[in-house]
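We name chains A, B, ... by the order of the sequence lines, and we start the count at 1 in each one. These numbers come from the heavy atoms of this one structure, side chains and all, not from hydrogens, waters or symmetry mates.
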Amino acid sequence: MNVAERSTNLCLYNTLSRRVEPFRPIDPDRVGIYGCGPTLYGPAHIGNFRTFLFYDLLHRYLSWKGFRVHFVMNLTDVDDKTIRAARAAGLSLREYTAPYLEAVMDEAELLGVRPFSAYPRATEYIEPMIELVQRLLERGLAYSTPDGSVFFDISEFPDYGRLSGRDLDEARQSERVVEDDYGKDDARDFAVWKGAKEEDEAVGAAWDAPWGRGRPGWHLECSVMALSEVGETLDLHLGGEDLIFPHHEDEIAQSEGVTSRTFARCWVHAKHLRVDGRKMSKSLGNILTVRDLLEEGISPATVRHQLLSAQYRTELNFTREGLEASAKAIQRLLALDDRLRSHPVAQDAPGTDLPDICAQATETFQSAMDEDLNVSSAIAALFGFLNKVNSALDAAPRVLQSERAEAVAVLDSLDQVLGFLEVGRRSREVDSELREWVEGRIEARARARADRNWAAADAIREELANRGITLEDGPAGTRWTSDSASVDTPRAQG
RNA sequence: GGCGCCGUGGCCAAGUGGUAAGGCAGAGGACUGCAAAUCCUCCAUCCCCGGUUCGAAUCCGGGCGGCGCCUCCA
């Protein structure tokens with residue numbers, strides 16, 4: 001399949017139109033995407049990572065289809081929360097956010113999130129932010145207040161509310177009375193620039209601007225980073241569903257306010273996940289972080305699988321049972337990968353169904369993914385492949401080299417998108433010292449088995465099992481894996 | 001109150017008009033020194049009530065239940 005054929009057919013749900021529609025980038029050769037990234041005020045939780053893994057899946061899939069993707073994810077390192085937290089910790093903004101930045105990048109890497117094209121940080125875009133505010137002021141779309149703040153004037157932007165589909169007049173009436181100390185004209189106007197307060201200065205979050213010293217509003221950050229890093233019109237703008245209003249609505253107002261062009265052609269939002277059927281929240285005390293899970297011994301591939309197993313627009317329910325299922329699914333994939341690569345080949349082996357199985361898997365996988373990233377169906381296609389390949393290998397002691405190579409290639413190809421093997425293999429890596437020891441024990445066991453000394457053989461199996469090593473006796477001898485089971489399958493928790 | 005989503009087997013989850021993918025768990029069988037892995041077989045009529053249709057999990061109406069957003073939470 002060539003790139004042109006691959007490029008067509010992908011459909012995505014556009015929040016703006018509330019419909020699933022064909023993905024049509026302005027320039028098919030270079031897709032420009034901006035995804036809202038984490039705010040560095042604390043450890044990222046699995047909900048954040050569900051969204052980031054959705055980004056990753058889309059990123060990988062577009063690349064797989066042959067698009068050249070320019071994918072930017074920002075890092076918010078200045079906002080109300082980071083300032084408040086830095087202040088409480090007695091640190092500068094920079095000092096406070098640094099460890100969270102490092103953590104989120106590390107965890108993303110562990111989970112197999114491929115590097116994006118750029119990771120702009122808000123504090124590095126202060127100059128262009130000031131310029132954008134200046135232009136909004138010049139255009140009469142924003143006004144400044146005596147304390148040095150600047151607000152966007154919603155009444156000047158008729159399209160306001162289109163993304164989130166809300167009626168402004170009603171919004172006005174039901175508007176919560178928030179006594180904001182920045183003093184705006186209309187409750188619905190939002191801050192593009194916030195006049196410096198004492199706590200801002202304390203943590204180094206204040207910059208000089210023509211209308212007064214202060215710091216950027218949250219929405220402004222994203223507008224500026226997106227416009228600077230991707231361009232005036234994005235092919236896709238991504239985020240968690242909670243960002244639709246007001247964050248993305250405000251981004252649109254500011255961006256289109258200065259460019260007079262469509263800011264993003266398509267908006268795609270990931271649904272929030274639930275934990276054990278409930279919303280993840282501080283008050284319920286059920287916030288899980290990737291670090292928590294990994295420290296429990298759950299493998300990164302398992303977490304990846306669980307977080308990707310449902311389509312991005314469904315309310316994924318994250319459970320212990322689900323993690324166990326994911327762990328087993330990963331193990332089966334790794335087992336298939338090993339088996340396929342090492343299956344005996346022969347020049348004169350009879351042909352098998354493998355070529356058909358391969359073709360069908362790729363096609364089914366692709367049409368599932370094309371349908372608004374229906375990853376559940378796509379994974380089903382992968383498991384259909386797994387099942388049929390295992391059957392075919394059971395039936396054929398030897399296969400043609402070319403057929404085996406094709407099947408390996410398909411497995412690798414699908415994994416370019418899903419990344420389960422990619423991440424799963426890492427957990428199996430062991431150091432050479434362990435490898436040597438294990439292989440020595442296996443030899444000893446082989447001698448015991450040759451002597452039909454089953455007790456001794458089983459003792460060695462047991463010995464290895466205690467070290468997390470699983471043995472599999474097959475026609476070609478004994479194979480072993482550093483058992484991700486002990487790592488992968490958590491004990492049922494009470 | 002406004003806008004929106006969802007309710008499929010023990011659990012997770014596809015399927016949006018033609019008679020229920022896949023994963024986990026469970027049962028039986030093959031293979032195995034024992035295992036593991038693998039394979040085979042079995043295991044749901046889709047929250048409830050009406051309606052439309054030759055035909056509905058899938059469309060419409062009404063219930064019941066769960067959930068999200070509504071100013072800074074991905």
Between [X] and [Y]: side-chain donor-acceptor atoms closer than 3.5 Å:
X: T352(A); Y: E403(A); answer: yes
X: Q311(A); Y: S376(A); answer: no
X: Y125(A); Y: N74(A); answer: no
X: Y96(A); Y: D77(A); answer: no
X: T289(A); Y: D292(A); answer: yes

On a whole-Å scale, what distance lies between the [atom1] atoms belonging to [N] and [M]?
N: rG50(B); M: rG22(B); atom1: C1'; result: 34 Å
N: rG17(B); M: rA13(B); atom1: C1'; result: 22 Å
N: rU45(B); M: rU16(B); atom1: C1'; result: 16 Å
N: rC24(B); M: rU19(B); atom1: C1'; result: 27 Å
N: rC12(B); M: rC47(B); atom1: P; result: 14 Å
N: rG68(B); M: rA74(B); atom1: C1'; result: 13 Å
N: rC46(B); M: rA20(B); atom1: C1'; result: 8 Å
N: rA25(B); M: rC43(B); atom1: C1'; result: 12 Å

Looking at every strand, decide which applies to [X] at a 4.0 Å heavy-atom threshold: base, sugar-phosphate, or nothing.
X: Y41(A); result: sugar-phosphate
X: H45(A); result: base
X: D250(A); result: nothing
X: L273(A); result: base
X: A329(A); result: sugar-phosphate
X: R274(A); result: sugar-phosphate
X: M280(A); result: base

Can you tell me the Watson-Crick or wobble partner of [N], both distances under 3.5 angstrom?
N: rG10(B); value: rC24(B)
N: rG1(B); value: rC70(B)
N: rC34(B); value: none
N: rA57(B); value: none
N: rC39(B); value: rG29(B)
N: rU45(B); value: none
N: rU52(B); value: none
N: rU16(B); value: none

Salt-bridge present ([X], [Y]; N to O < 4.0 Å):
X: E422(A); Y: R60(A); result: yes
X: D242(A); Y: K271(A); result: no
X: E296(A); Y: R320(A); result: yes

So, for [X] and [Y], which heavy atoms are closest and what is the spacing to 0.1 Å?
X: L308(A); Y: L53(A); value: CD2-O, 3.5 Å
X: E221(A); Y: M129(A); value: CA-CE, 3.7 Å
X: D372(A); Y: R313(A); value: OD2-NH2, 2.7 Å

Please state how far atom [atom1] in [X] lies from atom [atom2] in [N], giving the value in whole angstrom units.
X: L307(A); N: rA74(B); atom1: CG; atom2: P; value: 15 Å
X: L336(A); N: rC39(B); atom1: CG; atom2: C1'; value: 13 Å
X: N390(A); N: rG23(B); atom1: CG; atom2: P; value: 11 Å
X: H272(A); N: rA74(B); atom1: NE2; atom2: C1'; value: 5 Å
X: F318(A); N: rC24(B); atom1: CZ; atom2: P; value: 18 Å
X: W267(A); N: rA74(B); atom1: CH2; atom2: P; value: 16 Å
X: E241(A); N: rA74(B); atom1: CD; atom2: P; value: 12 Å
X: F49(A); N: rC73(B); atom1: CZ; atom2: P; value: 18 Å

> When the ring planes of F190(A) and F152(A) are compared, do they come out parallel, tilted or perpendicular, using 30° and 60° as the limits?
Replying inline: parallel

Of rC39(B), rA74(B), rU71(B), the nucleotide closest to the side chain of N387(A) is rC39(B)

State which of rC73(B), rG68(B), rC72(B) makes the closest approach to the side chain of K194(A).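 That would be rC72(B).
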
Is a donor on one side and an acceptor on the other found under 3.5 Å between the side chain of R404(A) and the backbone of R341(A)? yes

Scoring nucleotides 30-36 of chain B by protein non-hydrogen atoms under 4.0 Å (B base, S sugar-phosphate only, - none) yields ---BBBB

Letter by letter from the 5' end, nucleotides 3-13 of chain B scores (B base, S sugar-phosphate only, - none; protein heavy atoms under 4.0 Å) -SS-----SSS

Any side-chain N or O of R332(A) below 4.0 angstrom from OP1/OP2 of rU38(B)? yes

Practice prompt. Could you pick out which residue, F190(A) or L243(A), lies toward the 5' side of RNA chain B when each is mapped onto its nearest nucleotide?
Written response: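 Taking each residue's closest nucleotide, the earlier one in sequence belongs to F190(A).
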
By nearest-nucleotide position on RNA chain B, the 5'-leaning member of F383(A) and I46(A) is F383(A)

